Every structure is written in C-alpha cells, then in structure tokens.
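These notes are about the structure you will find just below.
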Amino acid sequence: MLASSLTPKESVIYVSKQIENHFPDGDHQEFRLQTEKVIEKVFQRIERCFVKIKSRYYRNHNDEVYFNHLNGDHYCSFLYLLSNELYKLGDENAASKAFLLNKTMFGIDAFYSIELPEVFLFIHPLGTIVGNASYSDYLVIYQGVTIGSLIDGKYPNFSEKTIVYSNSSVLGDCNFGENCIVGARSYLIDTDLEDNQIALGNYPDNRIIENKKPTIDYYFHLD
C-alpha cells in the first residue's frame with residue numbers, strides 16, 4: 001500500500017491552494033471539485049509506478065513505497081498524472097492549470113494529453129520537454145531532454161526499458177527496440193535503434209554501439 005506525506009484529501013487541498021495562488025481567476029473551487037473526482041485514480045497510478053522504482057528516495061524508513069510531496073521528482077510526476085486524469089475527465093481548463101503549475105514549478109513541459117506509460121521515472125527533469133511520442137514501460141527521462149517532432153509531425157516510438165540521459169534530443173520518426181539508451185548530450189533525428197543499442201553523438205553522425213550492460217536494472221524492479 002502507498003504511504004504518503006499527504007493523504008489524497010490533503011493533497012487536494014494542497015494543490016488547490018497552489019492553483020489559487022498561481023491562477024487567481026476565482027475558479028479554484030471548481031478545480032478543487034474536479035480534483036476530488038480523480039485524486040484516488042492519481043494515487044493508484046502513483047503506487048503502480050513507484051512500486052517498481054528502486055531508488056531509496058521512493059521508500060520511507062519502513063521500506064514502504066512512499067510519495068513525498070516535498071520531493072520534486074515525486075511531485076512533478078504527481079502533477080503530470082493529475083493533469084492527465086483531469087484531461088480524461090473532460091476538464092481541459094483544470095488540466096491546463098495542473099500542467100502549467102508543473103511547468104512553473106519544475107520547468108517541465110509534459111502536456112496533459114500525452115500518455116506516459118504506467119512505469120516511468122523523472123530524474124530532476126528541469127528543462128525537459130516530453131512530446132506526444134509513443135512510450136512504453138520502464139522509461140527514464142533526465143533533465144534537459146527534448147522529445148518531439150519535426151515539421152512532418154512524426155514522433156518517436158519507444159519500446160520498453162528506454163533511458164534518455166541529460167541534455168539529449170530525440171526528434172521525428174525514431175523507432176527504438178527494447179533496452180535502448182540515448183547518451184547524454186546526444187541528438188537524434190529520424191534514427192532507429194534495434195534492441196540493446198546505445199546512441200551517442202549528434203545527427204547525422206551518431207555512433208550506435210551495443211548496450212552490453214543491464215543498466216535499466218539500476219532503476220527498476222523488472223517483471
């Protein structure tokens with residue numbers, strides 16, 4: 001069971017006050033009512049995600065899976081999930097506010113309509129843009145990452161066990177197999193990776209090497 005620094009009810013009050021402070025349009029009570037409708041789903045998704053993460057920062061002193069609203073990576077994930085659930089509820093106004101609060105607090109652009117997988121991990125994702133790609137479980141995204149399209153509107157497709165390291169970009173019609181890594185400060189355009197490969201360097205001169213180590217095991221408890 002998920003342990004947390006705030007209960008779902010307390011979380012609704014907490015985030016609603018933040019929304020009121022950042023968006024003083026007099027509509028915060030409606031945001032709170034809508035958030036009450038989805039908060040249990042948000043906490044369920046947090047638990048399903050966090051239970052797979054190995055980092056000690058996702059456990060409390062009793063070794064329980066733990067959501068800490070004062071851990072930036074935790075709260076960043078919470079705000080994305082909240083915005084996504086509000087969007088699915090059909091309230092784009094409330095979803096926009098949760099998305100923009102996330103962008104304001106953590107400098108991340110994770111739009112409410114994108115579908116991140118059940119199991120993902122943001123690692124201090126300041127300056128990260130998570131575009132409308134196709135994502136799969138056991139996804140790790142660091143700071144300064146850009147995932148998006150070119151003018152043709154084609155987005156990347158990521159299979160399971162993908163790590164995108166800091167200050168790298170994956171743009172356009174990129175198709176990744178399982179257990180792939182994008183190296184720090186690498187730049188990919190319309191580049192495919194087969195299973196167990198690492199992409200380094202800048203397009204069009206990327207260097208593709210074999211991923212010989214189970215690096216993803218460092219981050220997640222795999223099924």
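All values reported here derive from a predicted model rather than from experimental measurement.
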So Phe120 and Cys49, side chain to side chain contact (heavy atoms under 4.5 Å, CB included) or not? Walk me through it. CA-CA 7 Å; Phe120 67 93; Cys49 180; 4.1 Å; yes
With a 3.5 Å distance limit and no angle check, can you tell me whether Asp190 reaches the backbone of Asp173 through a side-chain donor-acceptor pair? yes
Give, for atom CD1 of Ile189 and atom OG of Ser149, the distance between the pair rounded to the nearest 0.5 Å. 11.5 Å
How long is the span from the CG atom in Leu86 to the NZ atom in Lys41, to the nearest 0.5 Å? 11.0 Å
Test: Arg45 and Glu85 ion pair at under 4.0 Å: yes
In terms of hydrophobic clustering (I, L, V, M, F, W, Y; side-chain heavy atoms under 4.5 Å; direct or indirect links), are Val145 and Leu126 co-clustered? no
Going by heavy atoms in the side chains, are Asn71 and Tyr57 under 4.5 Å from each other? yes
Should Thr128 and Thr146 count as side-chain neighbours, where that means a heavy-atom distance under 4.5 Å? no
Check this for me: Lys88, atom NZ, are more than 12 non-hydrogen atoms of other residues, nucleotides or ligands nearer than 6.0 Å? yes
Check the hydrophobic clustering (I, L, V, M, F, W, Y; side-chain heavy atoms under 4.5 Å; chains of links allowed) and say if Ile123 and Tyr218 are grouped together. yes
Is the distance between the ring centroids of Phe50 and His74 less than 6.0 Å? yes
For this output row, return yes or no: ring centroids of Tyr142 and Tyr165 closer than 6.0 angstrom. yes
Could you tell me if the side chain of Cys76 sits less than 4.5 Å from the side chain of Asn102, heavy atoms only? yes
With the side chain counted from C-beta on, respond yes when Leu188 and Phe176 share a heavy-atom pair under 4.5 Å apart, and no when they do not. yes
Joint cluster assignment, Tyr187 & Val170, ILVMFWY side-chain distance < 4.5 Å: no
Has Asp137 got a side-chain atom pairing as donor or acceptor with Pro117's backbone, closer than 3.5 angstrom? no
Do Asp73 and Pro125 have side chains that approach each other closer than 4.5 Å (heavy atoms only, starting at C-beta)? yes
How about Lys213: does its NZ atom have over 12 heavy atoms from other parts shown lying under 6.0 Å from it? no
Closest heavy-atom contact between Glu36 and Val12? CG-CG1, 3.6 Å
If you compare all heavy atoms of Asp91 against all heavy atoms of Ala94, which two are closest, and at what distance to 0.1 Å? OD1-N, 3.0 Å
Where do His28 and Phe23 land on the ring pair (Phe, Tyr, Trp, His ring centres under 6.0 Å) test, with the steps shown first? CA-CA 8 Å; His28 60 279; Phe23 308 99; over 10 Å; no
One pair to check against side chain to side chain contact (heavy atoms under 4.5 Å, CB included): His69 and Tyr14. What are the steps and the verdict? CA-CA 10 Å; His69 74 287; Tyr14 185 80; 3.5 Å; yes
How long is the gap from CD1 on Ile141 to NE2 on His124, to the nearest 0.5 Å? 13.5 Å
Quick check: closest heavy atoms across Gly183 and Leu200, and the distance to 0.1 Å? CA-CD2, 4.0 Å
Taking all non-hydrogen atoms of both residues, which atom of Ser136 and which atom of Ser159 are closest, and how far apart? CB-C, 3.4 Å
Hey, does the side chain of Glu10 reach the backbone of Thr7 with a donor-acceptor pair shorter than 3.5 angstrom? yes
Check whether any side-chain N or O of Ser16 sits under 3.5 Å from a backbone N or O of Ile13 as a donor-acceptor pair, and report yes or no. no
Going through the checks in order, is the side chain to side chain donor-acceptor pair (under 3.5 Å) test met by Asp195 and Asn179? CA-CA 6 Å; Asp195 291 351; Asn179 197 36; over 6 Å; no
Might you confirm whether atom CZ of Arg48 has over 12 heavy atoms from other residues, nucleotides or ligands at distances under 6.0 Å? yes
So, taking the atom named CD1 in Ile181 and the one named CG in Asn211, what distance separates them when rounded to the nearest 0.5 Å? 4.0 Å
Answer with yes or no whether the hydrophobic clustering places Ile216 together with Ile147; edges join I, L, V, M, F, W, Y residues whose side-chain heavy atoms lie under 4.5 Å apart. yes
Kindly work out whether a path of hydrophobic side-chain contacts (I/L/V/M/F/W/Y, heavy atoms less than 4.5 Å apart) joins Ile53 to Tyr135. yes
Check Lys97 with Asp25, please: is the shortest side-chain N to carboxylate O separation under 4.0 Å? yes
Main-chain N/O of Glu160 paired to Glu178 side chain as donor or acceptor, under 3.5 Å: no
d(Gln29 CD, Gln34 CD) to nearest 0.5 Å is 12.5 Å
Is the gap between the ring centers of Phe67 and Phe43 under 6.0 Å? yes
Once rounded to the nearest 0.5 Å, what's the spacing between atom CG of Asn68 and atom CG of Leu6? 8.5 Å
Is there a donor-acceptor contact under 3.5 Å from the side chain of Asn206 to the main chain of Gly201? yes
Check: Cys174 main-chain N/O paired with Asp192 side-chain donor or acceptor under 3.5 Å: no
For Val140 and Phe220, what are the C-alpha separation, side-chain angles and deciding distance, and is it a side chain to side chain contact (heavy atoms under 4.5 Å, CB included)? CA-CA 10 Å; Val140 181; Phe220 297 113; 3.5 Å; yes
Any sub-3.5 Å donor-acceptor pair from Asn167's side-chain atoms to Ala184's backbone N or O? no
Tell me if a side-chain donor or acceptor on Thr162 pairs with a main-chain N or O of Phe158 at a distance below 3.5 Å. no
Leu82 versus Val42, closest heavy-atom pair with distance: CA-CG2, 3.8 Å
Do side-chain atoms of Ser168 reach the backbone of Arg185 as a donor and acceptor pair under 3.5 angstrom? no
Pair Ile46, Gln44 - check side chain to side chain contact (heavy atoms under 4.5 Å, CB included), show working. CA-CA 5 Å; Ile46 288 173; Gln44 289 167 8; over 6 Å; no
Atom of Ala199, atom of Ser186 and distance for their closest heavy-atom approach: O-OG, 3.5 Å
Leu79 side chain near Tyr75 side chain, heavy-atom distance below 4.5 Å: yes
Lys17 side chain reached by Ile19 side chain, heavy atoms, under 4.5 Å: no
Could you list the donor-acceptor pairs under 3.5 angstrom formed between side-chain atoms of residues 105-116 and any protein atom two or more places apart in sequence or on another chain?
residue : atom : partner : partner atom : Å
Asp109  : OD2  : Lys103  : NZ           : 3.4
Tyr112  : OH   : Glu92   : OE1          : 2.6
Glu115  : OE2  : Asn84   : ND2          : 3.4

A side-chain contact here means heavy atoms from C-beta on lying under 4.5 Å apart; do Ile198 and Glu210 qualify? no
Is it the case that the ring center of Tyr80 lies less than 6.0 angstrom away from the ring center of Phe78? no
